[in-house]
Amino acid sequence: MTQIDIALADIPEGVPHQPDGAKVILIRTGDDVTALAHLCPHYGLPLAKGVVRDGTLICAFHHACFNARTGRQIQPPGHADLRRYTVTQKDGRVIVDIPDTDLHLAPDHARLGLNPERIVIVGAGAAGNTCAKTLREMGFEGIIQMISPDGLPLDRTMLSKAVLSGSRTPDDAILTDADTLADLDVTLVSGQAVAIGPGQVVMADGGRHAFDKLLIAPGGRPNRPDLPGVNLPGVHTLRSGADAAAISQAAETTGSAVLIGGGFIGLEGALSLAKRGLSVTVAMREEVPLARILGERLGRIIQDEHEAKGITFVTGASLTSITGKDNATGVTLETGETIDADLVLLAMGVTPATDAIDGLPTQDDGGVMTGPGLSVPGLSGVYVAGDCAVAPTPFGTTRIEHWRVACQHGRNAALAMLGQGVPLDIPFFWTALGRQYRYLGYAEDWDEIEFDGDPTGPFLARYIKDGQVRAAVTAGRDADLAALHLEMLAAGGPIPA
């Protein structure tokens, strides 16, 4: 047991205050003080770096949100409540006793009961995993089946970073282990869903699973172009734990790698493989990486950061073939240039995996239009979430391939299935490149990018369209972005520039 004894006047108002490194944060509103666990349950990062606004505490790193009075988690990522400690006050001093217990609390949940309703979840990624947990936490006692071709739910954000760099294994990325699924009475069904019909899911092996409500959340399938040599050993894509394990194993005996694609996965993977001592080249069609998403100025800075780590860029060139006979030995580009490499990683984006499931009204890109609560118009009891969902947002109806958005979708679909209100969400994602970059909101285009600070150092950039801030990105100004996140939540979307 540890005791904190601090003057009320020494606790600043409206911020998460951690006194002298104690394992607690104190949140003061007037004379009222709340004491909560000091680490976020997502990655165990300090909540003292976070922001408090309108009763919400937001982690500055990955934007998990908590009720600032109770510690209850109200927005992903992570899935646990903050322990709340008893506070007493006497003679202008605040006293908190901190027992030697776990910092986080698993939310109470229901188990399988007499409710005959059946909910089937196709996909065991962020959306499917969050949906299953939310259903139980909201008291659902019916049957839950989770169909997965790839085993237990994974945190795919770790695959291109920690797993490829060799510091973690795919098992370290498991979101929910078998024992926890069993405790939740969630049945994991191994296999591939290939069709849906009225009240049933059809499997590749011919099996069928009846449902009253269905969530389709299979994620994306890595794009693999139909080009010579693309199926040679040594050519990889990255989506599953098995993919990441194969690349990591190959990197142990490989001297060089070429990554095709200058998106987030390609750039993260390039840095991870470079950390292992490989000679790494990134080849991409664009002239500047991520310029379409972040703008040319910031894209060039990110490229510079990669080049400082020894990574070579070949820009403005498309892949035409993979070289090699028995194994890949490199790639040939449309310019005629050949890049020699022992390992080829195709990081050319993903296509919604709905193309493998008959019976869904897919758009040209594989996405499925959804209505309120992610329901599919015309398909009773069917919902779509994650990379496959073309969903309403405060920034327009669109399809967003963000891991945290998929978590939000899973929670919202569960609430909708249970007939409850669906809360407002603001899209957010993070990426570990030369620095930690964090992106808030959504902007397909912009009239201007307003930089606060030199983007080679700590900065916050606002993406402005029609006089509104529709998105923002930062490196090194995490608390400012978190505050902007809460401001957008309060405004219901974009805010005046």
Side-chain angles (χ1 to χ4, degrees), residues 157 160 220-223 225 237-238 259-271 281-307 311-319 333-335 345-352 363-367 387-391 393-406 426-451 455-456 459-466 468-475 481 494 497:
T157 67
S160 57
R221 173 178 47 79
N223 294 327
T237 57
L238 177 59
L259 291 92
I260 308 299
F264 290 106
I265 296 301
L267 295 180
E268 289 174 356
L271 283 170
T281 301
V282 173
M284 61 187 195
R285 290 180 299 176
E286 300 82 8
E287 294 294 337
V288 179
L290 302 177
R292 182 181 62 82
I293 300 170
L294 302 178
E296 184 172 321
R297 183 181 182 189
L298 195 50
R300 291 193 183 280
I301 289 171
I302 290 171
Q303 180 174 338
D304 290 343
E305 291 170 348
H306 280 66
E307 290 174 341
I311 295 167
T312 300
F313 281 80
V314 178
T315 62
S318 296
L319 177 70
L333 304 178
E334 64 180 2
T335 59
L345 175 55
L346 303 177
M348 305 172 72
V350 301
T351 298
Q363 299 185 335
D364 290 343
D365 69 350
D387 292 355
C388 303
V390 184
T393 79
F395 304 85
T397 297
T398 189
R399 189 171 66 84
I400 298 177
E401 297 172 358
H402 297 172
W403 189 84
R404 185 181 184 275
V405 169
I426 304 295
F428 169 82
F429 73 88
W430 68 92
T431 182
L433 299 177
R435 297 178 287 175
Q436 293 280 335
Y437 288 89
R438 313 194 196 282
Y439 181 101
L440 174 70
Y442 185 78
E444 289 188 338
D445 58 12
W446 49 84
D447 298 324
E448 62 174 316
I449 304 175
E450 180 184 87
F451 283 92
T456 61
F459 76 95
L460 179 69
R462 296 171 175 85
Y463 294 73
I464 299 170
K465 178 74 172 179
D466 298 329
Q468 291 184 313
V469 178
R470 297 188 60 84
V473 66
T474 190
L481 191 73

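Just so you know, these numbers come straight off a predicted model, no measurement behind them.
Residues satisfying the ring pair (Phe, Tyr, Trp, His ring centres under 6.0 Å) test with W430, not counting sequence neighbours, are H42, H62. When the side chain to side chain donor-acceptor pair (under 3.5 Å) test is applied to T431, the partners found at least two apart in sequence or on another chain are E268. For R221, the side chain to side chain donor-acceptor pair (under 3.5 Å) test picks out D355, with sequence neighbours left out. With sequence neighbours excluded, the residues that form a side-chain contact (heavy atoms from CB on, under 4.5 Å) with E334 are S318, T320. Applying the salt bridge (Lys or Arg N to Asp or Glu O under 4.0 Å) rule to D445 yields the partners K465; only residues at least two apart in sequence or on another chain are considered. Partners of F429 under the ring pair (Phe, Tyr, Trp, His ring centres under 6.0 Å) rule, at least two apart in sequence or in another chain, are F264, H402, Y439. The ring pair (Phe, Tyr, Trp, His ring centres under 6.0 Å) test applied to Y442 returns no partner, not counting sequence neighbours. A search for side-chain contact (heavy atoms from CB on, under 4.5 Å) contacts involving E287 returns T315, not counting sequence neighbours. In terms of the side chain to side chain donor-acceptor pair (under 3.5 Å) criterion, residue partners of N223 (sequence neighbours excluded) are, by chain and number, T351. In terms of the salt bridge (Lys or Arg N to Asp or Glu O under 4.0 Å) criterion, residue partners of R438 (sequence neighbours excluded) are, by chain and number, D478. Residues that satisfy the side chain to side chain donor-acceptor pair (under 3.5 Å) test with E307, not counting sequence neighbours, are Q303.
With rounding to the nearest 0.5 angstrom, the CD1 atom of I449 is 7.5 Å from the CG atom of L298. Note: M284 CE to I260 CD1 = 11.5 Å, rounded to the nearest 0.5 Å.
In this structure, R470 contributes its side chain and Y463 its backbone to no donor-acceptor pair below 3.5 Å. Counting only distance, with no hydrogens or angles, the side chain of D387 and the backbone of P352 share no donor-acceptor pair below 3.5 Å. Distance alone, capped at 3.5 Å, places no donor-acceptor pair between the H306 side chain and the L271 backbone.
Within the structure, salt bridge (Lys or Arg N to Asp or Glu O under 4.0 Å) pairs that include any residue of residues 293-306 comprise E296-R300, E305-R435 (at least two apart or interchain).
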